[in-house]
2 protein chains.
Amino acid sequence: MAVFLSSFVNRVDKKGRVSVPASFRAVLGPDATGIVVFRSLQYDALDGCSIAHLELLSQSLDKLDLPPEAYELIETTIFGGSHQVPFDSEGRVSLPQALTEAASITDEVVFVGRRKTFQLWSPEKFAAHDAATRSAARAKDLSLSKIIAAASLKMEGSV
Amino acid sequence: MAVFLSSFVNRVDKKGRVSVPASFRAVLGPDATGIVVFRSLQYDALDGCSIAHLELLSQSLDKLDLPPEAYELIETTIFGGSHQVPFDSEGRVSLPQALTEAASITDEVVFVGRRKTFQLWSPEKFAAHDAATRSAARAKDLSLSKIIAAASLKMEGSV
DNA sequence: TGGGTATATATGGGATAGCATGGGTCGCTA
DNA sequence: TAGCGACCCATGCTATCCCATATATACCCA
């Protein structure tokens with residue numbers, strides 16, 4: 001298993017600690033000392049990823065010829081706004097108050113796998129977001145089988 | 001951890017001392033005796049970095065083919081206007097009054113990590129700047145995955 | 001197949017060390 | 001000698017570590 005999959009609801013104790021789902025920790029690898037968390041640019045939620053992933057982003061930035069204002073945006077919002085949170089011996093992290101407030105997270109967190117990264121939501125916000133996303137997908141007549149069929153056609157064509 | 005990450009708010013005591021965040025000191029290394037601080041060229045804020053980084057910047061300047069007026073500008077504003085501030089035994093620095101005034105820093109400072117360097121803001125100014133940056137990013141529909149996707153393409157293309 | 005056991009995971013609480021912060025004293029300088 | 005800055009020590013808070021417990025899942029054996 002190499003990608004973040006499925007979603008989990010975990011409790012936040014009064015010290016602000018949350019268990020990172022074991023399957024997510026497995027994806028991060030046995031050597032991971034923690035995760036990186038920052039505010040999502042699109043939603044009232046948090047984005048999480050491995051430290052290695054952020055380093056990849058850092059290297060990517062150096063390679064891209066981005067306009068100066070884009071650098072500014074990324075450096076301030078991602079690097080300035082991100083927090084590296086280490087695991088304790090039980091695989092928990094403590095989320096900084098600034099971040100939990102921004103995402104309306106109080107006593108429960110939903111971990112949502114998004115392949116290379118994952119998101120942290122308050123249960124209420126996520127329920128609303130999930131419903132909205134589903135109905136939007138339905139309105140666009142998206143379906144998994146259609147996507148796969150389209151991808152297969154494309155691959156055949158390219159062979 | 002090799003880059004300056006996340007942001008911290010620390011108090012300035014009446015002697016003008018501020019604790020440099022422990023994680024920033026960790027990036028600077030155990031041998032660092034202090035930091036270098038100078039006024040940001042773009043904002044009413046201060047830029048900070050290691051002494052080593054300033055030397056690197058100096059060397060980079062020599063390699064670049066900049067117009068003479070750019071050299072002039074950089075040498076007077078950055079090198080002329082920068083202050084080297086040493087740590088005390090607790091990891092604190094005293095910011096020169098000329099700099100704190102320029103950045104409207106009074107009794108609290110926000111340290112903002114920007115990978116190779118960091119910034120020092122007054123809390124009020126930073127809140128405004130952060131909000132503006134964030135909404136600009138949202139308007140541009142920037143996202144982490146898009147940036148990495150773009151960087152990956154570029155890296156593949158360059159091979 | 002069913003019951004029982006063992007392992008892993010999530011969760012909770014207490015102890016401890018690190019860190020931010022504040023104040024005091026000594027020595028240098030003007 | 002007065003003022004300023006550098007160093008030292010003290011304190012409160014917070015985050016980290018360590019141990020304990022509950023629950024769910026997987027495993028094993030009859």
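On a predicted model such as this, the values are computed, not experimentally measured, just so you know. In the text below, chain A, chain B and the rest are named by the order of the sequence lines, each starting its count at 1.
If you check C/dG23, C/dC19, C/dG12 against the side chain of B/A22, the one that comes closest is C/dC19. The side chain of A/N10 lies closest to C/dT11 when the candidates are D/dC9, C/dT11, D/dA6. The A/K14 side chain lies nearest to C/dG13 when the options are C/dA20, C/dG13, D/dC18.
Rounded to whole angstrom, the span from the CZ atom of B/R92 across to the C1' atom of D/dC8 amounts to 10 Å. As a whole-Å value, the separation of B/K15 NZ from D/dC9 C1' is 11 Å. In this structure, A/D13 places its CG atom 13 Å from C1' of D/dT16, rounding to the nearest Å. Across the protein-nucleic acid pair, A/E90 atom CD and C/dA10 atom P stand 11 Å apart, rounded to whole Å. Rounded to whole Å, the distance from CZ on B/R11 to C1' on C/dA20 is 11 Å. The CZ-P distance, from B/F87 to D/dC8, rounds to 17 Å in whole Å.
The distance from atom CD1 of B/I105 to atom CG of B/D44, rounded to the nearest 0.5 Å, is 10.5 Å.
Crowding of A/R114 atom CZ: a count of heavy atoms from other residues, nucleotides or ligands under 6.0 Å not exceeding 12.
Between A/F8 and A/F111, the ring center distance fails the sub-6.0 Å criterion.
Comparing A/D88 and A/F8 along DNA chain C, the residue whose closest nucleotide (by nearest heavy atom) sits nearer the 5' end is A/F8.
Using cut-offs of 30° and 60° on the angle between ring planes, the pair B/Y43 and B/W121 is tilted.
For C/dG18, neither phosphate oxygen OP1 nor OP2 lies less than 4.0 angstrom from any side-chain nitrogen or oxygen of B/R25.
Side-chain to base pairing of A/R17 with C/dG13: one donor and one acceptor N or O lie within less than 3.5 Å of each other.
No donor-acceptor pair closer than 3.5 Å links the side chain of A/T76 to the backbone N or O of A/L73. Within the 3.5 Å criterion, the main-chain N or O of B/V20 finds a donor-acceptor partner in the side chain of B/R25. The closest donor-acceptor contact from the side chain of B/S58 to the backbone of B/L54 lies at 3.5 Å or more, if one exists at all.
Contact check of residues 95-110 of chain B against DNA chain C (heavy atom, cut-off under 4.0 Å) returns no residues at all.
Within the 4.0 angstrom heavy-atom criterion, only backbone atoms of the sugar-phosphate kind lie near B/P21; the bases stay farther away. No contact: A/V12 has no heavy atom under 4.0 Å from any strand.
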